[in-house]
Protein chains: 4
Amino acid sequence: MSEARARKSSEGPAAVSAGQLRSLIERIERLEEEKRALAGDIKEVFAEAKANGFDAKIMRQVIKIRRMESAEREETEAVLDLYLEALGMK
Amino acid sequence: MSEARARKSSEGPAAVSAGQLRSLIERIERLEEEKRALAGDIKEVFAEAKANGFDAKIMRQVIKIRRMESAEREETEAVLDLYLEALGMK
Amino acid sequence: MSEARARKSSEGPAAVSAGQLRSLIERIERLEEEKRALAGDIKEVFAEAKANGFDAKIMRQVIKIRRMESAEREETEAVLDLYLEALGMK
Amino acid sequence: MSEARARKSSEGPAAVSAGQLRSLIERIERLEEEKRALAGDIKEVFAEAKANGFDAKIMRQVIKIRRMESAEREETEAVLDLYLEALGMK
DNA sequence: GCTACGGCAGTGGCAC
DNA sequence: GTGCCACTGCCGTAGC
């Protein structure tokens, strides 16, 4: 682990590493920013729903079930694939 | 879309609500999907960082600190604004 | 948090605390031990299954689906409860 | 569902396998259930500890260290055995 | 040995 | 202002 520490002192690739690191971190920060923005959007939609008389708690539950259903559908297909594969039919 | 079909006033907003509800839920699901995609992107960047010899755990700490610092900075500016405003200097 | 630090030095309940702590830790260690044993048992059953020509990967998938199905069933009931509650019928 | 339909002997051990498979899966599910229960018990003990003013985080570290130490001790003994054996002293 | 997943703890926001 | 709930991040565990 960590080739980045394999250096005594004022050699060379340190600046490169620093630049790389900075770049990576900034990319992550940017992505997290967008992620936070989306979280905010979701919140707003829930607020709008509430303003229209819907119950957020129930909505969350519904969304959860729908997610589970689609996940289960995918899992089921995956099992089918595995079966077919196991039977050499694929 | 299309809750706009005719209905008598005494029937209540049930059909409208159903369409609205569906729309709201789908919007949320869409946003959550994008959010998940971003989480995946972030994961990838961490993987890339790791491949370049950086330590993800430390990076997370750095990002955390930077976030706290910028939050603090904003806080400070907000207080400064309050002072200036209170002094009628703004 | 932590009343356990509210003491200057050689007073009294320290021993009690030490004994309590030891007891708690040993209980946890015992439970973790059992947990590890169960993990081992599960592993053995998979090995047995494999020895009988079954594919562990597929079995895992099947177990996952069954787990999701039962979870979904529970979620569905939870939503029903929420509806009833929201309608003041509960 | 419904593996119990009639089949001639020349068709192979499919029905047998189905029963076996079901049995294996149920054994695993049972074991996983117990494992989950133990996890719950552990959680409770931590809660109890916390209620008595102990810090769960530190306790976890302590447990970890104890586990490592005992593993190390076993390791050492194993090496000792190897030496003794190699020297024909065992 | 590394990666991925699930569970747990801590934090922040919302309702009362 | 306090208590509760949901979300996020972190850690430990399990699988490949």
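Labels below follow one simple rule: chain letters A, B, ... track the order of the sequence lines, proteins then strands, and each chain is numbered from 1. Please read all numbers here as calculations on a predicted model, not as lab measurements.
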Worksheet item: Which part of the nucleic acid does A:Lys50 contact within heavy-atom distance under 4.0 Å: base, sugar-phosphate only, or nothing?
Response: sugar-phosphate
Worksheet item: Side chain of B:Thr76, backbone of B:Glu72: donor and acceptor closer than 3.5 Å?
Response: yes
Item to complete: Specify the separation, in whole Å, of atom CD of C:Gln61 and atom P of E:dA4.
Response: 16 Å
Fill in: Any C:Arg67 side-chain heavy atom under 4.5 Å of C:Ile63 side chain
yes
Practice prompt. Report the nucleotide, chosen from F:dA6, E:dC8, F:dG15, that has the shortest atom-to-atom distance to any side-chain atom of D:Arg60.
Written response: E:dC8
Worksheet item: In whole Å, what is the span from the CZ atom of D:Phe46 to the C1' atom of E:dG7?
Response: 13 Å
Discussion item. Please report the distance, rounded to the nearest Å, between CG in B:Asp55 and P in E:dC2.
Written reply: 12 Å
Practice prompt. Specify the separation, in whole Å, of atom CD1 of B:Ile42 and atom P of F:dT8.
Written response: 11 Å
Worksheet entry | Side-chain heavy atoms of A:Arg66 within contact of B:Ile25, under 4.5 Å | yes
Worksheet item: Looking at D:Arg30 and D:Glu34, does any basic side-chain N land under 4.0 Å from a carboxylate oxygen?
Response: yes
Discussion item. Can you identify which nucleotide, out of F:dA6, F:dT8, F:dC11, has its nearest atom closest to the B:Lys57 side chain?
Written reply: F:dC11
Discussion item. Any side-chain N or O of A:Lys35 below 4.0 angstrom from OP1/OP2 of F:dG9?
Written reply: yes
Practice prompt. Mind calculating the distance between CE (D:Met59) and P (F:dC11) to the nearest angstrom?
Written response: 19 Å
Worksheet item: What is the distance from CD1 of C:Ile63 to P of E:dC5, rounded to the nearest Å?
Response: 18 Å
Discussion item. Heavy atoms from C-beta onward define the side chain here; which of E:dC5, F:dG12, E:dC14 lies closest to that of D:Lys64?
Written reply: F:dG12
Worksheet item: Under a 4.5 Å cut-off applied to non-hydrogen side-chain atoms, are A:Lys57 and A:Arg60 in contact?
Response: no
Worksheet entry | Nearest-Å distance for atom pair CZ/C1', residues D:Arg36 and F:dA14 | 14 Å
Discussion item. Whole angstroms only, please: what is the CG-P distance between A:Leu82 and F:dC16?
Written reply: 11 Å
Worksheet item: Just checking D:Lys43: base, sugar-phosphate only, or nothing, at a heavy-atom cut-off of under 4.0 Å?
Response: sugar-phosphate
